[in-house]
Structure formats: structure tokens, C-alpha cells
Amino acid sequence: MNEIGGKTRVLGVIGNPVEHTVSPVIHNNLAGILGDDIVYAAFHVMNENLEDAIKGAYALDLLGLNVTVPHKENVIKCLKDIDPLAERIGAVNTLVRCEGGFKGYNTDMPGLLRAMKHDGVCFDGEEVIILGAGGVARAVAMMLAENNAGHIYILNRTLPKALDIADEINAYKQGMITALSLDDHGSLDKSRKYIVIQATSVGMHPNTEAAVIEDPSFYELVKAGYDIVFNPLVTKFMKLCREAGALAFSGLRMLLYQGVIAYELWTGKEVSEENAEKIYEKMLEAMNG
Ligand code: ATR
């Protein structure tokens, strides 16, 4: 890690809660490896202070910020500019300093894309199932629709929420997405195999024995399963995928790459796969430690 001095630039993450964030591990190690005079800290920001926090960050000449729960949507109104992808997704996780304020980006979805590329999973023309219909699921649906998925099924416990997302995506790309209730997963065509993205918080520590669909017959349809959850490293969803003979991946690489892409935006540098891998090792150490 670099020595903090008068020229050190400050980055950070704002959220509530934010104490358990892994982002400082990503960025402080990247700064160390790349020799950048940068320090990254976590800032606990409450809803009512969000606007002041952004203004203060600008006034204090912060280079940029990450934004996490619960501010990813509300921060948009505090921005000077927004990247078109982040605007379509409706959620911002990265702020880059610009003239007079910050420009907002979403690196979560490009992070998921880069993780899938790393894992050799290609969804071009493939049938993809999204589990959940919250903010993350909506972003995943938008990302898949924009990147040549064949057809998307969005399955949620509360069907109207899945229908809302489907309506929105279909208005943008007609016939792209079908909404189903979670209980109706039996109606999916069993002669096909699907890439499944688990986009709910179900299974996250400490509820590690939970999966959004427990029925093993569902997992026979899975070709590759992605969990957005990264703690525990192997979720119940992943275990069920693997027990059915499918590939399964944790959300930790998506987390890695969303950070890598944010760092690239802040510094204008490209982070090599080799360096990204070093950071991944540090994240694993931090999670096990
Ligand atoms: P985020 O914005 O992070 O995606 P969210 O908006 O709270 O979070 O969405 C959480 C998702 O997890 C929703 O799809 C939710 O289903 P409902 O829309 O039916 O609430 C899903 N979810 C949470 N707990 C669940 C559970 N025990 N079983 C099934 N789905 C669950």
C-alpha cells in the first residue's frame, strides 16, 4: 500500500450499512499494485444526507465514489451527468468526477458481463432465466436484452413485479422477455437448457441454507448458474446447480470486475487480467479472514 501524503487522491464508497464492504480491499490493493497515489475508504451515509455527501465529496476534491445500497437509485438526482447505460438501468454504482460535479455509471452489469466472459459463459442467442424482480434483476434483464440474449424468462415470487420488468424490456425489445411466477417454473420447456442468473438476496449469509427455488427438478434445466450473492462463496443455489451437473459461479467475480471497471474509469488505466486475478486472491483472503 502507498504512503498517504499531500498529493494522495481520495476515493470511497458510500452506503448504509457499509462497514462490511469488500471494495476497499479491491481498490487499495489495485492502487498498490499499479503504483497509484490513491486511498479508498468507506463512508457511512444516511438517506437524508445523500445530497450533502455528494456535494461535500465534490468540494473535497474526491476523485470518485462507489455507491451501494440503499443509494444506487436516489443518487441519480444528485449527478451532473449520467452514462446512457446507467440511465437505462436506473441505478448508479460509480461516480466519476467531472466539470461541476460527478458523472454516474453502472459498472455492476459490465462487471457481470466481464465475469461471464472470464468464465467462458456466452449467452448470445441463449435462453436465460432471471430469478427475482428487484433492482438487480431489472438491471440484469436490461443488460441481457442489450447484449443479444436469445430469450429471457424472469421468475419472481410476486408475479406483478416480474410483469412490470417484462413490460418495460418488451417495450424496448419486443418479445424479448416472459414473466412467470416462481411456482410456475414447471412450465418451462424441459427439452432446453438455460443459463440462470440468481438475482435475489436469498441464500446470503446468515441464511445460507435457503435457495429461491429448492425443487431439484428445476436445476436439471440449468446449463450454467450465476449467483449475485458472494457470501457464502458457495451458495445453496450453486450447490443445487452443481448437484444437477451444471456449472455454477459465485457473485465474487462480478464484484471484482465492477470494481476493476470503476477503477479504470477513475484512473484511465487498463487493469490486466493478471492484476485482476491478484485482487481476486486478496478478496478471497479477506472473506476467509
Ligand atoms: P434488489 O434491489 O437488491 O434486487 P429487492 O428490490 O429487495 O432487492 O428485491 C429482492 C428480490 O428478492 C425480489 O425479487 C424478491 O421477491 P418479491 O418481489 O416477491 O419480494 C426476492 N426475494 C426476497 N426474498 C425472497 C424469498 N424468501 N423467496 C423468494 N424471493 C425472494
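Both backbone and side-chain heavy atoms feed into the values below; hydrogens, waters and symmetry mates do not. Numbers here are sequence positions counted from 1. Order of appearance sets the numbers: ligands from 1, and atoms from 1 within every ligand.
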Here the side chain to side chain donor-acceptor pair (under 3.5 Å) pairs for residues 50-60, sequence neighbours left out, are none
What distance do Tyr280 atom OH and Asn29 atom CG have between them, rounded to the nearest 0.5 Å?
15.0 Å
Verdict with reasoning, Thr200 to Gln198, per side chain to side chain donor-acceptor pair (under 3.5 Å):
CA-CA 6 Å; Thr200 79; Gln198 198 301 109; 2.6 Å; yes
Can you name the residues that form a salt bridge (Lys or Arg N to Asp or Glu O under 4.0 Å) with Asp61, not counting sequence neighbours?
Arg9, Arg97
For ligand 1, would you mind listing the residues that have at least one heavy atom less than 4.0 Å away, ordered by chain and number?
Gly132, Ala133, Gly134, Gly135, Val136, Asn156, Arg157, Thr158, Lys161, Leu182, Thr200, Val202, Val212
Would you mind writing out the side-chain donor-acceptor pairs for residues 73-83 within the sub-3.5 Å range, not counting sequence neighbours?
from, atom 1, to, atom 2, distance (Å)
Lys77, NZ, Asn74, O, 3.3
Asp83, OD2, Leu85, N, 3.3

Going by an N to O cut-off under 4.0 Å, is there a salt bridge joining Lys236 and Glu214?
yes
